[in-house]
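Reading through the structure tokens given below for one structure.
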Amino acid sequence: GAGVSQSPRYKVAKRGQDVALRCDPISGHVSLFWYQQALGQGPEFLTYFQNEAQLDKSGLPSDRFFAERPEGSVSTLKIQRTQQEDSAVYLCASREQGSELFFGEGSRLTVL
Amino acid sequence: GENVEQHPSTLSVQEGDSAVIKCTYSDSASNYFPWYKQELGKGPQLIIDIRSNVGEKKDQRIAVTLNKTAKHFSLHITETQPEDSAVYFCAVGPWDSNYQLIWGAGTKLIIKP
């Protein structure tokens with residue numbers, strides 16, 4: 001596609017529910033990143049894939065967070081047993097080797 | 001680890017005037033300094049970046065200056081227009097690894113007509 005596509009754009013979950021957020025990167029982009037952006041803050045790194053390999057997941061805040069990219073294209077960020085502190089915008093970005101990061105519009109998660 | 005501070009948090013300028021946003025960083029090994037613009041409901045978009053081997057870079061109305069000795073860099077927007085209204089983020093990191101960028105907290109730029 002023309003840009004990074006994320007869905008859903010908005011998700012409201014009750015505390016304790018599981019959620020799944022999808023990212024469709026720019027076609028051909030090898031690298032894919034997930035960021036968490038709290039209100040009024042800059043993005044914070046969660047995890048990084050090169051093709052299907054998850055090379056860094058040091059930013060995932062707890063073992064309730066899990067990301068996958070099984071075929072090296074679409075990625076899913078899953079949050080289990082959501083908590084109120086998980087409320088944020090989740091941004092996906094992709095890039096070619098050595099190029100700039102291209103961000104999607106984000107998925108806004110609200111946990112009630 | 002790297003620490004990035006961005007000022008001001010909000011900046012209001014008259015249309016046509018200039019706007020300056022400043023960031024300081026702590027790790028002298030950092031060599032890549034991008035600026036991103038984020039409009040409401042959108043993801044951040046790279047507007048200009050600079051590497052440590054250059055002191056200044058300009059692209060039309062936007063410029064970035066870097067002082068490696070003092071560990072600070074600034075975004076300059078001249079002849080501001082209403083469409084410049086957005087949140088601007090600075091970031092700092094190694095050139096060869098965008099994902100290790102450390103981001104500032106952002107500056108909300110308001111252009112008054």
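Throughout, protein chains are lettered first and strands after them, A, B, ... in sequence-line order, and every chain is numbered starting at 1. Predicted model, so just to flag it, every value in this text is computed and none were measured.
- Note: B/W103 and B/Y36 meet the aromatic proximity criterion, with ring centroids under 6.0 Å apart.
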A/E71 and A/R69: CA distance, side-chain angles, deciding distance, salt bridge (charged side-chain N to carboxylate O under 4.0 Å, His left out) verdict: CA-CA 6 Å; A/E71 296 178 1; A/R69 194 186 184 197; over 6 Å; no
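- No part of A/Q6 comes within reach of chain B, as not one of its non-hydrogen atoms sits under 4.5 angstrom from that chain.
- With sequence neighbours excluded, no residue forms a ring pair (Phe, Tyr, Trp, His ring centres under 6.0 Å) with A/Y90.
- Interface remark: of the candidates B/G106, B/A105, B/P44, B/P44 forms the most heavy-atom pairs closer than 4.5 Å to chain A.
- Within the 4.5 angstrom heavy-atom criterion, no atom of A/R108 approaches chain B.
- Residue B/Q38 touches chain A through its side chain alone, counting heavy-atom pairs closer than 4.5 Å.
- The most heavy-atom pairs under 4.5 Å with chain A, out of B/G104, B/G41, B/S9, come from B/G41.
- B/K22 and B/E5 are not joined by a salt bridge, as no carboxylate oxygen comes within less than 4.0 angstrom of a charged side-chain nitrogen.
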B/S18 vs B/H76, test: side chain to side chain donor-acceptor pair (under 3.5 Å). Steps then yes/no. CA-CA 7 Å; B/S18 295; B/H76 305 254; over 6 Å; no
